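In each ligand, atom 1 is the first atom listed, and ligand 1 is the first ligand listed. Below, all heavy atoms of this structure are taken into account, side chains as well, without hydrogens, waters or symmetry copies. For clarity, every value in this text was computed on a predicted model and none was experimentally measured.
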Amino acid sequence: MTEKRVPKHIGIIMDGNGRWAKERGKPRSFGHKKGADILDSVVDACAKHGVNIVSLYAFSTENWSRPQDEIDTLFDILRKFLKKYRKKLLSDKRRLTISGDISKLPDDLRTECEKCVEATKDFTNGTFNIALNYGSRQEIVYAVNRLIGKGKTEITAEDIQSELYTSTLPDIDLVIRTSGEQRLSNFFLWQCAYAELYFTDTYWPDFNEEELVKALDWYASRNRRYGGIENK
Ligand code: FPP
């Protein structure tokens, strides 16, 4: 029997928090809180099923257009999450990386991010990558400008790869987007060039190990060809 194919790197677009809360007659922030509460168990479930790198879309460059109180709540949730999760990362020896321009975040949140990244940077038991104030087009433009700044006049794909926030990570193999929306929304466009895209109607706060296994089984059934011919 051949071994089940497991993605090395999963990207998750956690969508549907607002609708989940609305269905319960609660404010949107209630959905975001629940969405953060389940993160730990989802990352653990990923590790249990052999996926050691997980990238999560926490706040996009477009999310600044949300009402200020929702932005403040999201930052507050993130701040609390990181404070608590740092201990878990240290005991699991899992690395935290951040993709995005954190210089625009409130000072204390930025400091919390930097502390977590620094404290876990040498760990090798998997990577938990949070996309925070992240936009893929901006990332690619930033990478190209860095290369120009270094005096490059001809740029290769490897050069760009080396300047991405995810330069130390492999490409994303599987994207999971919850809540029925079927688009990438500026999420790691470069890194998802060959990713399988999995969409589920489940809202993010209801996502769990069972849902993850469904996505992993679906992934295992896909025949990835990378532009080549069918691999029988
Ligand atoms: C999309 O749902 C979700 C977000 C923009 C925020 C995701 C953030 C969290 C789950 C919490 C914090 C994250 C971490 C890493 C601690 P939506 O609000 O667009 O939902 P809707 O489409 O139903 O309105």
> What atoms in ligand 1 come closer than 4.0 Å to a heavy atom of R19?
Replying inline: 21 (P), 22 (O), 23 (O)
>> Polar contacts were defined as any N/O atom of the residue lying under 3.5 Å from an N/O atom of the ligand; does this apply to R28 and ligand 1?
In response: yes
> If you measure from the Lys or Arg side-chain nitrogens to the Asp or Glu carboxylate oxygens, is any gap between D15 and R177 under 4.0 Å?
Replying inline: yes
> Any donor-acceptor pair under 3.5 Å linking the side chain of W20 with the backbone of G31?
Replying inline: no
> Does the ring centre of F75 sit less than 6.0 Å away from the ring centre of W64?
Replying inline: yes
>> Under 4.0 Å between a side-chain nitrogen and a carboxylate oxygen: does that hold for E112 and R110?
In response: no
>> Once ring pair (Phe, Tyr, Trp, His ring centres under 6.0 Å) is applied, do any residues pair with Y219, and if so which ones, sequence neighbours excluded?
In response: none
>> Below 3.5 Å, N or O to N or O, backbone or side chain included: is there any such pair between Y57 and ligand 1?
In response: no
>> For T73 and H32: C-alpha separation, side-chain torsions, deciding distance, then whether side-chain hydrogen bond (donor to acceptor under 3.5 Å, both in side chains) applies.
In response: CA-CA 8 Å; T73 306; H32 294 317; over 6 Å; no
> Does one hydrophobic cluster hold both I53 and V117, with members joined at side-chain heavy-atom distances below 4.5 Å?
Replying inline: no
> Does S179 come within less than 4.0 angstrom of ligand 1, counting non-hydrogen atoms of the residue?
Replying inline: no
>> Which residue and atom name correspond to the protein heavy atom nearest atom 6 (C) of ligand 1, and how close is it?
In response: A58 O, 3.5 Å
> Considering only heavy atoms of D15, which atoms of ligand 1 have at least one such atom less than 4.0 Å away?
Replying inline: 1 (C), 2 (O), 17 (P), 19 (O), 20 (O), 22 (O)
>> If the cut-off is 4.0 Å to any non-hydrogen atom of L39, which atoms of ligand 1 fall inside it?
In response: 14 (C), 15 (C), 16 (C)
>> I'd like to check which ligand 1 atoms, numbered from 1 as shown, lie under 4.0 Å from a non-hydrogen atom of L78.
In response: 14 (C), 15 (C), 16 (C)
> For atom 12 (C) of ligand 1, what is the nearest protein heavy atom, given as residue, atom name and distance?
Replying inline: I77 CG2, 4.0 Å
> Charged N to carboxylate O under 4.0 angstrom, K33 versus D37?
Replying inline: no
>> Regarding atom 11 (C) of ligand 1: of the candidates E181, M14, H32, which has the closest heavy atom?
In response: H32
>> Quick check on contacts: which atoms of ligand 1 are under 4.0 angstrom from a heavy atom of N63?
In response: 5 (C)
>> Looking at R28 and D69, is any side-chain nitrogen of the basic one under 4.0 Å from a carboxylate oxygen of the acidic one?
In response: no
>> Evaluate G18 for polar contact with ligand 1, using N/O atom pairs at a separation under 3.5 Å.
In response: yes
>> So if I count the atoms of ligand 1 from 1 in the order they appear, which ones are less than 4.0 Å from some heavy atom of R66?
In response: 5 (C), 17 (P), 18 (O), 19 (O)
> So is N17 polar-close to ligand 1, meaning N/O to N/O under 3.5 Å?
Replying inline: yes
